[in-house]
Amino acid sequence: MQPGAGMNRLGEWTAGGLLITDGAWGTELQARGLPPGTIPDTWNLTQPEKVEEVARAYAEAGSQVILTNTFRANAVAMHGHDLDAINRAGVKISRRAAGQALVFASIGPSGKLLVSGEVSRETVSAAFAAQAHSLATAGADALLIETMSDIEEARLAVEAARLTGLPVVVSFAFDSGKNKDRTMMGATPEAVAAAMVEAGADGVGANCGVGVELAVGICKRLHAACDLPIWIKPNAGLPAMEGAIVRYATSAEFFASHCTALREAGAAFLGGCCGSTPEFIRALVDAKKSTPPFEKKVR
């Protein structure tokens, strides 16, 4: 892929303004019976109709970008599984449900720390490259590397994903530090943006982490630090345990009330992460319709 080609494609997709993505997958699959301790990605092969229910629910709620149920399907995080089949099925399931929506295939972290030496750079690179190849050849429109905390691991993932020729967006979880504006590994939005531009990513953003109200500041800082399209997918607040059930306190209405602020902060893509539901997406779609178009500032 020529330098900038992926970003150009993202620019074409967002030329009409903010795109609404989807919401949480794990909590939605749990609501459909995913047993505790079961890796959600395995359901692509064993319960594909329930996975498709989630994708279809988001498409019907108005999502313009649908992800895939492939977050953990790399050889480091899910050793011993038929990963090629899981990844290909994940894309096909989301494609069947997406309708006119784009399909961005999800690539999550390895779950191992490079800095501690518990896994080698070569092993991680090979795992990301194999997953990206499976997702791309199955027909994904773009690749989303998400919930990253380590800049070096994200750099390896971007380098591997770029080999497919698809647009590559990389998203970090900012949930640490006094102001909850650093990743678990201490990276700031500015450091993340600079490193991902250098790595050749076509878009950069934040997902998971903290609630929507703190995502505005993170979005603004990412947007100020680079010219890449910004991807934002905050949690529905912080989780709380009620017995064996995880609850998220943020309402769809409160979440969507930040739509205008996030768009003005520079978000090009906006959705929800853990605890968000199709109701959140419907609320975002309504909020987007009820606010005037935002003109991007030329820098």
Side-chain angles (χ1 to χ4, degrees), residues 14 17-34 40 50-69 71 93-94 97-104 106 108 144 146-147 169 171-175 180 205-219 229-242 245-291 294:
T14 60
L18 178 71
L19 290 185
I20 302 299
T21 67
D22 60 7
W25 279 72
T27 44
E28 287 297 294
L29 291 171
Q30 289 166 8
R32 288 163 171 80
L34 180 73
K50 292 186 177 180
V51 178
E52 188 169 340
E53 281 180 16
V54 176
R56 193 172 303 281
Y58 284 124
E60 292 175 350
S63 293
Q64 297 164 285
V65 176
I66 303 291
L67 301 190
T68 58
N69 183 40
F71 178 75
I93 289 167
S94 289
Q100 298 299 309
L102 297 164
V103 173
F104 280 30
S106 171
L144 170 70
E146 57 178 335
T147 324
V169 178
S171 180
F172 285 72
F174 296 93
D175 56 5
K180 302 298 183 186
N207 75 289
C208 204
V210 292
V212 67
E213 61 272 31
L214 293 181
V216 177
I218 298 293
C219 181
I230 307 298
W231 173 278
I232 298 292
K233 241 173 163 261
N235 280 352
L238 295 175
M241 294 299 297
E242 293 183 8
I245 306 298
V246 178
R247 303 286 188 191
Y248 290 82
T250 298
S251 69
E253 291 73 23
F254 178 80
F255 193 93
S257 72
H258 293 77
C259 179
T260 298
L262 282 164
R263 182 166 59 176
E264 292 178 350
F269 299 89
L270 178 60
C273 204
C274 303
S276 60
T277 67
E279 180 186 1
F280 281 64
I281 301 309
R282 282 190 288 272
L284 283 176
V285 170
D286 289 343
K288 177 185 169 184
K289 289 177 180 176
S290 65
T291 55
F294 175 69

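When a residue number appears, it is its place in the shown sequence, counting from 1. What you are looking at is a predicted structure, and each value in this text was computed from that prediction instead of being measured.
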Asks: As a quick check of understanding, evaluate side-chain contact (heavy atoms from CB on, under 4.5 Å) for Leu262 and Leu18, giving each step before the final call.
Replies: CA-CA 10 Å; Leu262 282 164; Leu18 178 71; over 6 Å; no
Asks: With rounding to the nearest 0.5 angstrom, report the CD1 to CZ distance, Ile230 to Phe269.
Replies: 10.5 Å
Asks: Would a distance-only check, ignoring hydrogens and angles, find a side-chain to backbone donor-acceptor pair under 3.5 Å from Asn235 to Gly209?
Replies: yes
Asks: Where do Ala206 and Phe174 come nearest, in terms of heavy atoms and distance?
Replies: CB-CD1, 3.7 Å
Asks: Can you name the nearest heavy-atom pair linking Ile232 to Ala215, along with the distance?
Replies: CG2-CB, 4.2 Å
Asks: Tell me the closest heavy-atom pair linking Ala173 and Cys208, and the distance in Å.
Replies: CB-CB, 4.3 Å
Asks: Report yes or no: does Asp22 contribute a side-chain atom to a donor-acceptor pair with the main-chain N or O of Ile66 at less than 3.5 Å?
Replies: no
Asks: Please report the closest heavy-atom contact between Ile281 and Gly62, naming both atoms and the distance.
Replies: CG2-C, 4.3 Å
Asks: Could you please spell out the steps behind the side-chain contact (heavy atoms from CB on, under 4.5 Å) verdict for Val103 and Thr68?
Replies: CA-CA 7 Å; Val103 173; Thr68 58; 3.8 Å; yes
Asks: Only one of Tyr248, Phe255, Tyr58 clears ring pair (Phe, Tyr, Trp, His ring centres under 6.0 Å) with Phe280; which?
Replies: Phe255
Asks: Working to the nearest 0.5 Å, report the span between CG of Asn207 and SG of Cys274.
Replies: 8.0 Å
Asks: With no hydrogens and no angle check, is any side-chain donor or acceptor of Thr21 less than 3.5 Å from a backbone partner on Gly271?
Replies: yes
Asks: Taking the side chain as every heavy atom from C-beta outward, state whether Glu279 and Glu253 have any pair of such atoms under 4.5 Å apart.
Replies: yes
Asks: Check whether any side-chain heavy atom of Glu60 sits under 4.5 Å from a side-chain heavy atom of Pro278, and report yes or no.
Replies: no
Asks: Any chance you could measure Gln64, atom CD, to Leu270, atom CG, to the nearest 0.5 Å?
Replies: 10.5 Å
Asks: Looking at CZ of Arg282 and CD1 of Ile20, how far apart are the two atoms once the value is rounded to the nearest 0.5 Å?
Replies: 13.5 Å
Asks: Side chains of Val54 and Asn69: closer than 4.5 Å at any heavy-atom pair?
Replies: no
Asks: Begin with the C-alpha distance, continue with both residues' side-chain angles, and end with the deciding distance and a verdict on side-chain contact (heavy atoms from CB on, under 4.5 Å) for Leu144 and Leu67.
Replies: CA-CA 8 Å; Leu144 170 70; Leu67 301 190; 3.7 Å; yes
Asks: From Ile218 CD1 over to Asp175 CG, what is the distance, rounded to the nearest 0.5 angstrom?
Replies: 10.0 Å
Asks: Quick one: are Pro40 and Phe71 in side-chain contact, heavy atoms under 4.5 Å?
Replies: no
Asks: Please find the pair of heavy atoms, one from Ser276 and one from Gly23, that lie closest to each other, and give the distance.
Replies: OG-CA, 3.3 Å
Asks: For Ala97 and Arg56, which heavy atoms make the closest approach, and how far apart are they?
Replies: CB-N, 3.5 Å
Asks: Atom CZ of Phe104 and atom OG of Ser171: how far apart are they, to the nearest 0.5 Å?
Replies: 12.0 Å
